[in-house]
Amino acid sequence: MNYKNSKDIFEKAVNIIPGGVNSPVRAFKSVEKEFPIFVKSANKAHLMDEDGNKYIDFIQSWGPMILGHNDERVIKAVQAAVLDGCSFGLPTKKEVELAELIISMVPSIEKVRLTTSGTEATMAAVRVARAYTKKNKILKFEGCYHGHSDSLLVAAGSGLLTEGYQDSNGLTEGVLKDTLTLPFGNLEKVEKLMEKEEIACIIVEPIPANMGLIETKKEYLEGLRKLCTEHNTLLIFDEVISGFRIAAGGAQEHYGITPDLTTLGKIIGGGYPVGAFGGKREIMDMIAPVGDVYHAGTLSGNPISVTAGFETLSILKNTPSLYTDLEAKVDYIVEGIYKLSEKYNVPVCVNKAGSLFTIFFTDKKKVETLEDVMASDTTKYSKYFNAMLENGVVVPPSKFEAHFMGATHNEEILNETLSAMEKAFIEISK
Ligand SMILES: Cc1ncc(COP(=O)(O)O)c(C=O)c1O
């Protein structure tokens with residue numbers, strides 16, 4: 001592949017934007033590529049870069065593009081909305097309609113507030129939890145990522161793991177003291193900690209997807225629910241990724257567990273900037289202007305984002321078969337990966353949930369903890385990434401992220417992907 005234009009753009013970018021990118025994982029650093037591809041356009045399951053290369057896309061904007069890029073129904077709705085004006089700083093009917101739709105789909109949400117990003121949603125949810133419980137400390141799990149507000153950048157996953165650290169620099173001692181962390185999946189440790197610490201909330205990705213994908217056991221989430229109820233601690237499900245991806249009602253519907261608060265993002269904006277947090281009425285009514293927990297935003301509930309989100313969620317709600325299709329496609333690819341693994345003697349463990357999967361290059365039969373993830377082979381992942389790119393498939397540029405399957409990945413595209421994977425496995429086996 002020729003990447004000349006991307007390289008030239010990156011050389012310019014790197015002098016004027018830190019690292020040349022506006023979100024670290026885009027830099028391709030951890031997969032040993034000097035510069036990223038710069039995307040010019042996208043359509044359905046494909047991306048086109050500035051050099052005219054065409055790729056099958058398994059990043060899907062890190063989740064939002066579940067319907068594929070440029071879904072005609074979403075575009076049509078957005079085009080109409082744009083002509084009505086793009087931001088008013090006053091409420092619109094569409095915000096109310098989206099709120100209604102979210103409430104109808106996510107079992108635990110009785111009231112919801114829109115934000116501009118997932119980061120704002122988790123930040124505000126933690127603030128409300130502190131106000132509601134009158135406690136300061138929060139508990140999060142190592143390798144889970146909840147956006148980049150200070151208190152959630154401790155022992156974090158995603159781009160931080162990719163960059164080789166977990167606590168961001170620039171956090172105060174107070175923040176570090178108030179954010180308690182434990183390994184994901186160990187209920188006993190949570191139980192012990194809660195006996196001695198007063199904790200406002202446990203925030204968790206019910207299906208972690210930011211240390212690579214981890215398959216969650218239902219009993220673990222049930223255990224967290226029980227402990228939170230016993231200790232007057234709020235349970236926050238961060239469903240920014242799992243929401244509308246694992247099922248139309250997110251992981252909470254899939255597992256039948258009711259968190260006190262839920263944070264959302266990505267899909268609810270249909271590719272435009274958005275986030276949301278919601279939950280029990282009595283908790284949500286602590287937020288200004290009803291209560292005195294402040295949350296605001298010039299672009300919160302932006303009319304264009306809300307329109308794209310409403311259209312996307314409506315389609316998801318009205319097409320339940322979409323989820324079984326997505327899962328079947330993931331199963332097909334995962335089965336293919338295990339066959340290649342055997343054929344070329346490249347041991348892997350593939351974790352999957354709904355429309356998400358991660359390939360770990362490892363001898364382990366199960367990858368269940370951050371430790372297991374860390375022990376998987378980074379060099380092999382880099383080879384995999386680069387071979388896939390050369391063969392026209394963009395996969396996550398980090399072993400700590402998930403592959404995202406979309407509605408427009410058809411049989412032909414899946415078979416093309418498996419052919420590219422075969423070439424990647426041959427490369428790795430050398
Ligand atoms: C689980 C989770 N929570 C929160 C966020 C932050 O969302 P945003 O990037 O929209 O700020 C992310 C982003 O990837 C996420 O994966």
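Sequence positions, counted from 1, serve as the residue numbers for this chain. What's counted below: heavy atoms across the whole structure, side chains too, no hydrogens, waters or symmetry copies. Order of listing sets the numbers, starting from 1, for every ligand and every atom in it.
- Listed by chain and number, S117, G118, T119, Y145, H146, G147, E205, N210, D238, V240, I241, K266 each place a non-hydrogen atom less than 4.0 angstrom from ligand 1.
- Counting only residues at least two apart or on different chains, the salt bridge (charged side-chain N to carboxylate O under 4.0 Å, His left out) pairs with a member in residues 229-258 are K226-E230.
- I109 is not listed as a side-chain neighbour of L261, based on a closest heavy-atom distance of 4.5 Å or more.
- Counting heavy atoms from C-beta outward, V31 and Y384 have side chains that stay 4.5 Å or more apart.
- A search for salt bridge (charged side-chain N to carboxylate O under 4.0 Å, His left out) contacts involving K383 returns nothing, not counting sequence neighbours.
- By the ring-ring contact (aromatic ring centres under 6.0 Å, His included) test, F277 is found to be paired with H295, residues two or more places apart in sequence or in another chain being considered.
- Between Y381 and F360, the distance from one ring center to the other does not fall under 6.0 angstrom.
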